Trainee: 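Got a structure here, written out as structure tokens. Questions coming.
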Amino acid sequence: DSKLFWPQTEYIKACVARWERGDTRMDKEVDAHLSRLRTHYFRADGANWRNQLTRRGNCLTEATPSRVLYHLFLAFAETIRVKESLEAGT
């Protein structure tokens with residue numbers, strides 16, 4: 001039983017979509033989940049991330065597929081886009 005990185009980013013994107021549609025509670029959930037990603041999935045050097053964790057939070061595999069960067073990028077890009085749009089009132 002393990003936890004993959006990419007579903008975490010999909011959850012962030014789902015929260016961002018709800019936030020964009022007016023659910024104001026989602027801004028805090030997005031921030032909280034991004035923080036959990038940094039805490040549990042990003043390596044201490046900040047240069048890479050863990051793709052898969054055990055139930056106890058240990059790294060299951062050392063290699064991280066390059067496709068994971070796609071998921072990470074889109075989660076951050078959507079978060080920034082919606083945050084800037086809402087701040088601008090558009």
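If you're wondering where the values come from, they're calculated on a predicted model, not measured in any experiment.
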Trainee: Identify whether Trp19 and Phe76 are in the same connected component of the hydrophobic contact network (ILVMFWY, side-chain heavy atoms under 4.5 Å).
Mentor: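 They do share one cluster, since a chain of ILVMFWY contacts under 4.5 Å joins Trp19 to Phe76.
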Trainee: With a 4.5 Å cut-off on side-chain heavy-atom distances among I, L, V, M, F, W and Y, is there a chain of contacts connecting Leu53 to Phe5?
Mentor: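 Yes, Leu53 and Phe5 fall within the same hydrophobic cluster.
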Trainee: With a 6.0 Å cut-off on ring centres, are Tyr11 and His33 close enough?
Mentor: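 Ring-ring flag for Tyr11/His33: true, centres closer than 6.0 Å.
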Trainee: Which salt bridge (charged side-chain N to carboxylate O under 4.0 Å, His left out) pairs, counting each pair once, include a residue from residues 5-14, with sequence neighbours left out?
Mentor: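 Sorted pair list: Glu10-Lys13.
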Trainee: As a quick check of understanding, evaluate side-chain contact (heavy atoms from CB on, under 4.5 Å) for Thr54 and Ser2, giving each step before the final call.
Mentor: CA-CA 4 Å; Thr54 66; Ser2 64; 5.7 Å; no
Trainee: Are any of the side-chain heavy atoms of Arg36 and Gln8 separated by less than 4.5 Å?
Mentor: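 No, side chains not in contact.
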Trainee: Please report, to 0.1 Å, the donor-acceptor pairs under 3.5 Å made by any side chain of residues 40-50, with sequence neighbours excluded.
Mentor:
{"unit_1": "Tyr41", "atom_1": "OH", "unit_2": "Lys3", "atom_2": "O", "d": "3.4"}
{"unit_1": "Arg43", "atom_1": "NH2", "unit_2": "Glu62", "atom_2": "O", "d": "2.9"}
{"unit_1": "Asp45", "atom_1": "OD1", "unit_2": "Ala47", "atom_2": "N", "d": "2.9"}
{"unit_1": "Arg50", "atom_1": "NH1", "unit_2": "Phe42", "atom_2": "O", "d": "2.9"}

Trainee: With side-chain contact (heavy atoms from CB on, under 4.5 Å) as the test, would you mind laying out the steps for Glu29 and Arg18 before giving the verdict?
Mentor: CA-CA 11 Å; Glu29 182 59 23; Arg18 288 180 59 188; over 6 Å; no
Trainee: With a 4.5 Å cut-off on side-chain heavy-atom distances among I, L, V, M, F, W and Y, is there a chain of contacts connecting Leu74 to Val82?
Mentor: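 Each belongs to a different hydrophobic cluster.
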Trainee: Any non-hydrogen side-chain atom of Thr79 less than 4.5 Å from a side-chain atom of Ile12?
Mentor: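 When only atoms from C-beta onward are counted, Ile12 and Thr79 do touch, with a gap below 4.5 Å.
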Trainee: Enumerate the residue pairs fulfilling salt bridge (charged side-chain N to carboxylate O under 4.0 Å, His left out) with a member in residues 71-80, sequence neighbours excluded, ordered by first and then second residue.
Mentor: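 Every pair satisfying salt bridge (charged side-chain N to carboxylate O under 4.0 Å, His left out) with a residue in residues 71-80: Glu78-Arg81.
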Trainee: Please report the closest heavy-atom contact between Cys15 and Val30, naming both atoms and the distance.
Mentor: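 In terms of heavy atoms, the two residues are closest at CB-CG2, 3.6 Å.
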Trainee: Side-chain heavy atoms nearer than 4.5 Å, only ILVMFWY residues, links allowed to pass through others: does that put Phe73 and Val68 together?
Mentor: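 In one cluster: no.
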Trainee: Could you walk me through whether Glu20 and Lys83 pass the salt bridge (charged side-chain N to carboxylate O under 4.0 Å, His left out) check?
Mentor: CA-CA 8 Å; Glu20 185 174 31; Lys83 184 174 187 163; over 6 Å; no
Trainee: Between Leu37 and Ile80, is there shared hydrophobic-cluster membership here, with clusters defined by ILVMFWY side-chain heavy atoms closer than 4.5 Å?
Mentor: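 Unlinked, Leu37 and Ile80 end up in two clusters.
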Trainee: Quick check: does any side chain N or O of Ser35 sit under 3.5 Å from a backbone N or O of Asp31, one acting as donor and the other as acceptor?
Mentor: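 Not a single qualifying donor-acceptor pair exists.
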